[in-house]
Amino acid sequence: MAKYVCKVCGYTHEGTEAPSICPLCKAPASQFELVGGESKNEKPAKKGFDTSSDSYAIIYASIVVVIVAFLLAGVSSLLRPLQDDNIRLDKKKQILSSLNLKGLSDAAATYADVVKQEAIINANGAIVATEGGFDVANDAITPDNLPLYICEVDGEKKYVIPMTGNGLWGGIWGYMAVNNDGNTIYGVYFSHASETPGLGAEIAGDKFQTRFPGKNIIKDGAVALTVTKKVADETCEVNAISGATITCNGVDAMLKNTLEGYKAFLMSAQPAPVNVEQEPAPAEEAQVTEEE
């Protein structure tokens, strides 16, 4: 038996359900309330989390974040080999660009044909290894660990030197191709992370890069290649970009700092000077002259 109390007059009724009408105040059954429990006409309380509570929102968001994180980690792991291949291919394209090989349909095949060695040298000009240079990271380059790409273009040997530096807003980098004489620039490629469009960013454009081919790197035993606003020596000085002083200063510092490490190798690659002095007459001819 259950007790029902009339909310209008307080009449108490015992039974399995509330009376259809209160005998005292004539209130309908809907005005009766189950004592110590739920009213027959009220919906039972829901069990579990209250979806409108703050704790439910926090727990739900946390679960979603964890699931998304696992999904992203899985996708990243699956795509990592493809991403690494694209990074390597882009690096090969940059190296080929310094060799004036651009817009290639199959850059990977051209790279394999043109680049004969991915060597590593030291600051003394000695070749430390004939392979492995491609995998040397920028932060791993030291005087004893200098990557050098030995290439062949149209039957002529070229040396490609990687370089990194700092511009106005971020990092700058590039590659320089040098002729077999170890001194004359064949081509260059420069790029940047965040230089100013129309100003410092122009180091990545052909207008600036085409100023380098034919310039000399070394003069009188020192690195003489310079980026400057006022060109005094056409053989080794390059016109800077107007309005991009800091970025061009960064390129100039990058060239000097990098090429200093490769100077010994480049000088060893230069042909020996020809001795044009007249040789003395043979000993027999000199003896005949004295007798006469």
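Heavy-atom basis, side chains included; hydrogens, waters and symmetry copies ignored. This structure is a prediction, so every number in the text was calculated from the model and none was measured.
- The shortest distance between side-chain heavy atoms of Thr247 and Ile203 falls below 4.5 Å.
- Looking at Pro23 and Tyr11, their side chains come closer than 4.5 Å, going by heavy atoms from C-beta outward.
- Rounding to the nearest 0.5 angstrom, the gap separating the CG atom in Asn239 from the NZ atom in Lys229 is 11.0 Å.
- In this structure, Tyr175 OH and Leu99 CG are separated by 11.5 Å, a value rounded to the nearest 0.5 Å.
- Ring centers of Tyr262 and Tyr159: at least 6.0 Å apart, outside the cut-off.
- Using a 3.5 Å distance cut-off with no hydrogens or angles, the side chains of Thr235 and Asp233 do pair a donor with an acceptor.
- Although no hydrogens or angles enter the test, the distance criterion places a donor-acceptor pair under 3.5 Å between the side chain of Ser268 and the main chain of Phe265.
- Ring geometry for Tyr56 against Tyr60 counts as parallel: the plane angle stays under 30°, on a 0 to 90° scale with 60° as the upper cut.
- A perpendicular orientation is assigned to the rings of Phe190 and Phe212, their planes being inclined by more than 60° (bins at 30° and 60°).
- If you chain together hydrophobic residues whose side chains sit under 4.5 Å apart, Val231 and Ile217 never meet in one group.
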Practice prompt. Could you walk me through whether Asp90 and Asn86 pass side-chain contact (heavy atoms from CB on, under 4.5 Å), step by step?
Written response: CA-CA 6 Å; Asp90 184 61; Asn86 287 336; over 6 Å; no
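- In this structure, OG1 on Thr12 lies 11.5 Å from CD on Glu33, to the nearest 0.5 angstrom.
- Using modelled atom types, one side-chain atom of Asp252 and one backbone atom of Val227 make a donor-acceptor pair closer than 3.5 Å.
- Note that CD of Gln209 and CD1 of Ile185 are 11.5 Å apart. Values are rounded to the nearest 0.5 Å.
- In the displayed structure, Lys157 atom NZ is contacted under 6.0 Å by at most 12 heavy atoms of other residues, nucleotides or ligands.
- Using a 4.5 Å cut-off between side-chain heavy atoms of Ile, Leu, Val, Met, Phe, Trp and Tyr, with links allowed through other members, Leu199 and Ile246 fall into different hydrophobic clusters.
- Between atom CE of residue Met254 and atom SG of residue Cys248 there is a gap of 10.5 Å, rounded to the nearest 0.5 Å.
- Side-chain contact check for Ile63 versus Ile59: some heavy-atom pair is nearer than 4.5 Å.
- Side-chain contact check for Met176 versus Leu225: some heavy-atom pair is nearer than 4.5 Å.
- Between the Asn216 side chain and the Cys236 main chain, no donor and acceptor come within less than 3.5 Å of each other.
- The 12-atom threshold is not exceeded at CD of Glu131, counting heavy atoms of other residues, nucleotides or ligands nearer than 6.0 Å.
- Cluster annotation: Phe134 and Leu96 are assigned to the same hydrophobic cluster (Ile/Leu/Val/Met/Phe/Trp/Tyr, side-chain heavy-atom contacts under 4.5 Å, transitive).
- His192 places none of its side-chain heavy atoms less than 4.5 Å from the side chain of Trp169.
- Contact of the Val178 side chain with the Thr184 side chain is not registered, since no non-hydrogen atoms from C-beta on lie closer than 4.5 Å.
- Neither Val153 nor Val188 shares a network with the other; the hydrophobic side chains, linked directly or stepwise wherever heavy atoms of I, L, V, M, F, W or Y lie under 4.5 Å apart, form separate groups for each.
- By the side-chain contact (heavy atoms from CB on, under 4.5 Å) test, Asp135 pairs with Arg88, sequence neighbours left out.
- At least one side-chain heavy atom of Cys151 sits less than 4.5 Å from a side-chain heavy atom of Val115.
- Considering only heavy atoms from C-beta on, Ile161 comes within 4.5 Å of Leu148 through its side chain.
- To the nearest 0.5 Å, the span separating CD1 on Ile150 from CG on Asn180 amounts to 10.0 Å.
- Here side-chain hydrogen bond (donor to acceptor under 3.5 Å, both in side chains) pairs that include residues 103-117, with residues two or more places apart or in two chains, are Tyr111-Glu118.
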Fill in: Evaluation steps, side-chain contact (heavy atoms from CB on, under 4.5 Å), between Gln94 and Trp173
CA-CA 10 Å; Gln94 293 180 23; Trp173 64 90; 3.2 Å; yes
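- With Ile120 as the partner, the side-chain contact (heavy atoms from CB on, under 4.5 Å) test is satisfied by one option alone out of Ile127, Val136, Leu146: Val136.
- Within the 3.5 Å criterion, the main-chain N or O of Asn124 finds a donor-acceptor partner in the side chain of Asn122.
- Within 6.0 Å of NZ on Lys91 lie more than 12 heavy atoms contributed by other residues, nucleotides or ligands.
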